[in-house]
Amino acid sequence: MDKIKIGLVGLGTVGSGVFKELYNNDKVEISKIVVKNLNKKRDIKGLENVQISDNVDDIIFDKDIKIVIEVIGGLNPAFDIIKKSIENGKHVVTANKELLAKKGEEIFEIAEKNNKVILYEAAVAGGIPIINPLKTILSNNRLTKVAAILNGTTNYILTKMEQDSADYNEVLADAQKLGYAEVDPTSDVEGYDAAYKIAILSTLAFKKRVSIDKIYREGITNIKAEDIECASDFGYKIKLIALAQIFDESKIDVRVHPMLVKNNKSLAHINFVTNAIMMQGKPIGEIMCSGPGAGEFPTAASVVGDVMTIASEINNTDIILPMMRCTHSVPAEMVDVTETENRYYLSVNAKNKIGVIEALGRAFSQNNISVSNILQKGVQDNDSANIVIITELCKEKDMQKAVSLLKNDSCVNQINSLIRVME
Ligand code: HSE
């Protein structure tokens, strides 16, 4: 039998891994590759036998190509490439989390209209199989919570900050030198990347379309070495957590922000660039999947897995992979972060004078907040003191009111940090 022909759009890190993995495959062959820069030197075995072009139309309008792999990322021109590929009879495999999070509904509709599938295992948590399991083996569970570490760059930075007692900027600069962080790290360190990924995961987990615009997002740029040390004294790690949970029967709470994670939880021990996804639901209970969240070969493994899944169905049936199609078009009703309840870690720099603890206690009691832990490690040379508090569960609105009272209190020099604590 003839091999199934594939068009590969993008030959960066992931594209190269995909090409190497599929080279000499006995079922499928990459027959054309589209790149941005034809003159770039590429030392990849077998590339000399493939037609390489800088015009996507060479793939889109090639009738022999049955599957298009899009690994260029970003909204444009990826959206157009995927749309036209589907309209020209191709199935699509993509790793494009931003596109799926922002335009998922639109491209899945186009795919359905044209009886084609879009698979995207590589878009979330690189090499960890999570998308396809959510659509198949896990789909009958009533999931109530997903808490995940979905960004390797930030997890690397936080792990290094902890291990070396180092500041954020110092570790970021090192991570950039070593290639663990991008030159422009905004998408990772400000939580955009994790927000795209949790939008995709929570849409599948709760079977309603989660809007990326309604996801509350905070990055790790304000996390200080002292916070990590203090959290450790209390028995916690600080992680950038992508959280999605059922809020009440009708609403979903989805957010990305740093959290203190108790050392007895598995997520606290996910270090460096490793990703992990914890899910709770019925009847399954609690599970966690962890592994490489990025990188040439782990990500290629997911892309190739999707390609082989589609290839095994082509020519066998008119409607391939019905369970893998995305049907979640009903919008999720999402709760605003101000409506949520959390525990908090609050670090305050106060004057060294009588009545400071009383002032803190007053701000909390006036706002129905109960304190669980409190720590002051002596007084600093400049006659100020850092006081760290962990609260019991309380309303975000009440915490914000307490913080603004404290900001205006004459005892308080400044609020150092306010970080949510995982339940
Ligand atoms: N930039 C991502 C990370 C990998 O740092 O995990 C690609 O999704």
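Values reported hereafter were calculated over all heavy atoms of this structure, with side chains retained and with hydrogens, waters and symmetry mates removed. Along the sequence shown, residues carry numbers from 1. In listed order, ligands and their atoms are each counted from 1.
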Gap between atom OG of Ser202 and atom NZ of Lys197 - 0.5 Å precision: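 Lys197 NZ to Ser202 OG: 14.0 Å, rounded to 0.5 Å.
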
Side chain, backbone, both or neither: the part of Asp188 lying under 4.0 Å from ligand 1 by heavy atom: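 Under 4.0 Å from ligand 1, Asp188 contributes side-chain atoms alone.
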
Within reach of ligand 1, part of Asp193 (heavy-atom separation under 4.0 Å):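 It is the side chain that touches ligand 1; the backbone stays farther off.
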
Ring centres under 6.0 angstrom apart (Tyr120, Phe108):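 Centroid separation for Tyr120 and Phe108: below 6.0 Å.
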
Return the residue, atom name and 0.1 Å-rounded distance of the protein heavy atom closest to [atom].
atom: atom 6 (O) of ligand 1; value: Gly152 N, 2.6 Å
atom: atom 7 (C) of ligand 1; value: Lys97 NZ, 3.3 Å
atom: atom 5 (O) of ligand 1; value: Thr153 OG1, 2.5 Å

Thr186 side chain to Asp188 side chain, donor-acceptor N/O pair below 3.5 angstrom: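 Looking only at side-chain atoms, Asp188 and Thr186 do not form any donor-acceptor pair under 3.5 Å.
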
Residue-ligand contact Glu182/ligand 1, heavy atom below 4.0 Å: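 The answer is no: ligand 1 sits nowhere under 4.0 Å from a heavy atom of Glu182.
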
Any N/O pair Ala294/ligand 1 closer than 3.5 Å: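 The answer is no, given that Ala294 and ligand 1 share no N or O pair closer than 3.5 Å.
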
Asn275 N/O under 3.5 Å from ligand 1 N/O: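 Checking ligand 1 against Asn275, no N or O pair falls under 3.5 Å apart.
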
For Asn373, all residues meeting side-chain contact (heavy atoms from CB on, under 4.5 Å), sequence neighbours excluded: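 Scan of Asn373 (side-chain contact (heavy atoms from CB on, under 4.5 Å), adjacent residues dropped) gives Phe234, Arg343, Ile390.
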
Residues in side-chain contact (heavy atoms from CB on, under 4.5 Å) contact with Tyr23, at least two apart in sequence or another chain: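 Scan of Tyr23 (side-chain contact (heavy atoms from CB on, under 4.5 Å), adjacent residues dropped) gives Phe19, Lys45, Asn49.
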
Considering all heavy atoms, the nearest Ile67-Ala311 contact: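 That would be CD1-N, 4.1 Å.
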
